[in-house]
Amino acid sequence: MATDPVAEAADALYALVPEEFTAARNARAADARSAGEPALAKAIGALRRPSPSAWIVNRLARDEPDRLGDLVGLGGELADAQAAGDGRALGALVAERRELIGDLMRLAVSLTDAADRSPSRAVLDEVEQTLVAASVSAEAGAAVASGRLVRALRAVGVDVDVAGAVGGGEPGPPRRLGRRPSERAEGRADAASRDTSRTDRADRAAEAARRERERLEEAARQARERADDDEHALAEASARLERAERRFDDLEAERDELELRLSQVRDELRPAEREVRIATRARESANAEAARSARARDEAQAALDR
């Protein structure tokens, strides 16, 4: 168990899913800063979020330490057999390593499924490369067993670059992990039993997921039907709006035409009004003149009659 406060924080943080890592790290750094430990806050704040493949390997280190330890310990046995030139032992150990890595890869897929994740083929390839590296190099094995990987590892021959691969400081001194071959065989039998139980749980989870998927598909079908109805209603409303806009444009054009004609009529009305006033005065003057003429005629006729 880590006793260094940075390593302790790293142990807790690298147990989280990657999406939760950054917020949790920042909160721990803030707590350390509030506690008057700026150096610790800076060290925690510098912890890097694990890559998807590193997160899967970290989960294996926590959930399957025995089998991962078997793989790391097997690396030492492989090195010893190779140094001794024992081809038979080397072949058996290589086959066992292949079987262990296959088991761990199946566990990795099971763990990601349980966490509702679907890693890509590229991510799983990085997980497998990291497991191979853990069986090649003692330093890589210690890094993988730490459960604090931040990136995948890759073996180049018997060399593995582990610089900066572990968060919260380098892991403890490299040590050979794992059990004896007979213990590993017993461990695989126990693991097979656990796998069966895990498979049963996975089957139940798959059935629940199937029912949930059916429910979601039905909800999606109903949503599509509602969307189709809404789209039809929208099309009708759009057509109605288009007709109303055309009618409005026609009436607006007619209004403009009538306003123009009204302006023209007003312009024509003013001189006509003047003509009416002049004609009215002329008629009144003519009436007065006619009346005078009639009186004069009557007076002349009266004088003649006398």
Side-chain angles (χ1 to χ4, degrees), residues 16-30 33-34 45 48-53 55 112-124 205-306:
L16 302 173
V17 295
E19 291 78 6
E20 297 174 355
F21 179 87
T22 301
R25 178 199 61 194
N26 293 345
R28 280 180 172 266
R33 194 174 297 108
S34 299
R48 293 163 52 197
R49 170 175 163 165
S51 69
S53 58
W55 174 77
T112 56
D113 286 345
D116 196 22
R117 293 170 182 273
S118 299
S120 66
R121 182 67 257 176
V123 169
L124 291 176
E207 176 61 20
R210 183 189 63 77
R211 290 195 297 270
E212 177 65 10
R213 180 177 180 82
E214 289 177 351
R215 185 189 68 79
L216 292 175
E217 286 176 347
E218 176 61 20
R221 184 189 65 77
Q222 294 178 4
R224 285 193 297 271
E225 289 180 354
R226 289 194 297 272
D228 290 342
D229 292 343
D230 291 343
E231 286 179 359
H232 180 69
L234 175 61
E236 289 184 347
S238 298
R240 183 177 178 182
L241 174 61
E242 185 177 352
R243 291 192 299 271
E245 288 178 340
R246 285 199 302 269
R247 177 61 178 159
F248 177 82
D249 292 340
D250 291 343
L251 291 173
E252 195 172 47
E254 185 177 351
R255 182 203 62 190
D256 293 342
E257 184 178 345
L258 290 173
E259 287 180 347
L260 176 61
R261 179 59 185 151
L262 178 61
S263 177
Q264 293 173 345
V265 168
R266 284 172 177 166
D267 291 343
E268 294 173 359
L269 184 61
R270 282 191 289 271
E273 287 175 342
R274 287 195 298 272
E275 289 294 328
V276 167
R277 287 194 297 273
I278 292 172
T280 299
R281 287 195 295 270
R283 187 187 65 181
E284 291 173 350
S285 177
N287 284 338
E289 186 62 30
R292 287 194 296 274
S293 296
R295 286 195 300 273
R297 181 197 62 199
D298 292 341
E299 290 173 355
Q301 184 65 40
L304 179 62
D305 290 339
R306 287 196 297 269

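In what follows, residues are counted from 1 in the order of the sequence shown.
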(Q) Would you compute the distance between atom OG1 of Thr280 and atom CD of Glu275 and round it to the nearest 0.5 angstrom? (A) 10.5 Å
**Q.** Verdict with supporting geometry, Gln301 and Leu304, side-chain contact (heavy atoms from CB on, under 4.5 Å)
**A.** CA-CA 5 Å; Gln301 184 65 40; Leu304 179 62; 4.2 Å; yes
Q.
Tell me if the CZ atom of Arg247 is crowded by more than 12 foreign heavy atoms within 6.0 Å.
A. no
Q.
Tell me the closest heavy-atom pair linking Thr112 and Trp55, and the distance in Å.
A. CG2-CZ3, 4.2 Å
Q: Would you give the length of the straight line joining atom CD of Glu19 to atom CZ of Arg49, rounded to the nearest 0.5 angstrom?
A: 5.5 Å
Q: Determine whether Leu241 and Ser238 make a side-chain contact, defined as any pair of heavy atoms from C-beta on separated by less than 4.5 Å.
A: no
Q | For Arg243, side chain to side chain donor-acceptor pair (under 3.5 Å) partners two or more places apart | A | none
Q: Give a yes or no on whether Glu252 atom CD has more than 12 heavy-atom contacts from other residues, nucleotides or ligands under 6.0 Å away.
A: yes
Q. Looking at side-chain heavy atoms only, is the closest gap between Thr22 and Asn26 below 4.5 Å?
A. yes
Q. Would Glu217 and Arg221 satisfy salt bridge (charged side-chain N to carboxylate O under 4.0 Å, His left out), going step by step from the backbone distance to the final call?
A. CA-CA 6 Å; Glu217 286 176 347; Arg221 184 189 65 77; over 6 Å; no
Q: Quick one: list whatever passes side chain to side chain contact (heavy atoms under 4.5 Å, CB included) with Gln222, sequence neighbours left out.
A: Glu218, Arg226
Q: Work out which heavy atom in Ala29 is nearest to a heavy atom in Gly45; give both atom names and the distance.
A: CB-N, 4.1 Å
(Q) With heavy-atom distances below 4.5 Å as the criterion, would you say the side chains of His232 and Asp228 are in contact? (A) no
Q: Please check if atom CG in Asp116 has more than 12 non-hydrogen atoms from other residues, nucleotides or ligands closer than 6.0 Å.
A: no
Q.
Could you measure the distance from the CG atom of Asp229 to the CG atom of Leu234? Nearest 0.5 Å is fine.
A. 12.5 Å
**Q.** Side-chain ion pair, Arg261 and Glu257, N-O less than 4.0 Å
**A.** no
Return all side-chain donor-acceptor pairs below 3.5 angstrom for residues 285-292, not counting sequence neighbours, or 'none' if the list is empty.
| unit_1 | atom_1 | unit_2 | atom_2 | d |
| --- | --- | --- | --- | --- |
| Asn287 | ND2 | Arg283 | O | 3.4 |
| Glu289 | OE1 | Arg292 | NE | 3.4 |
| Glu289 | OE1 | Arg292 | NH2 | 2.1 |

Q. Any ion pair linking Arg240 and Glu236 (charged N to carboxylate O, less than 4.0 Å)?
A. no
Q: Enter the distance from Arg246:CZ to Asp249:CG here, rounded to the nearest 0.5 Å.
A: 9.5 Å
Q | Nearest-0.5 Å distance that lies between atom CG in Leu260 and atom CD in Gln264 | A | 4.5 Å
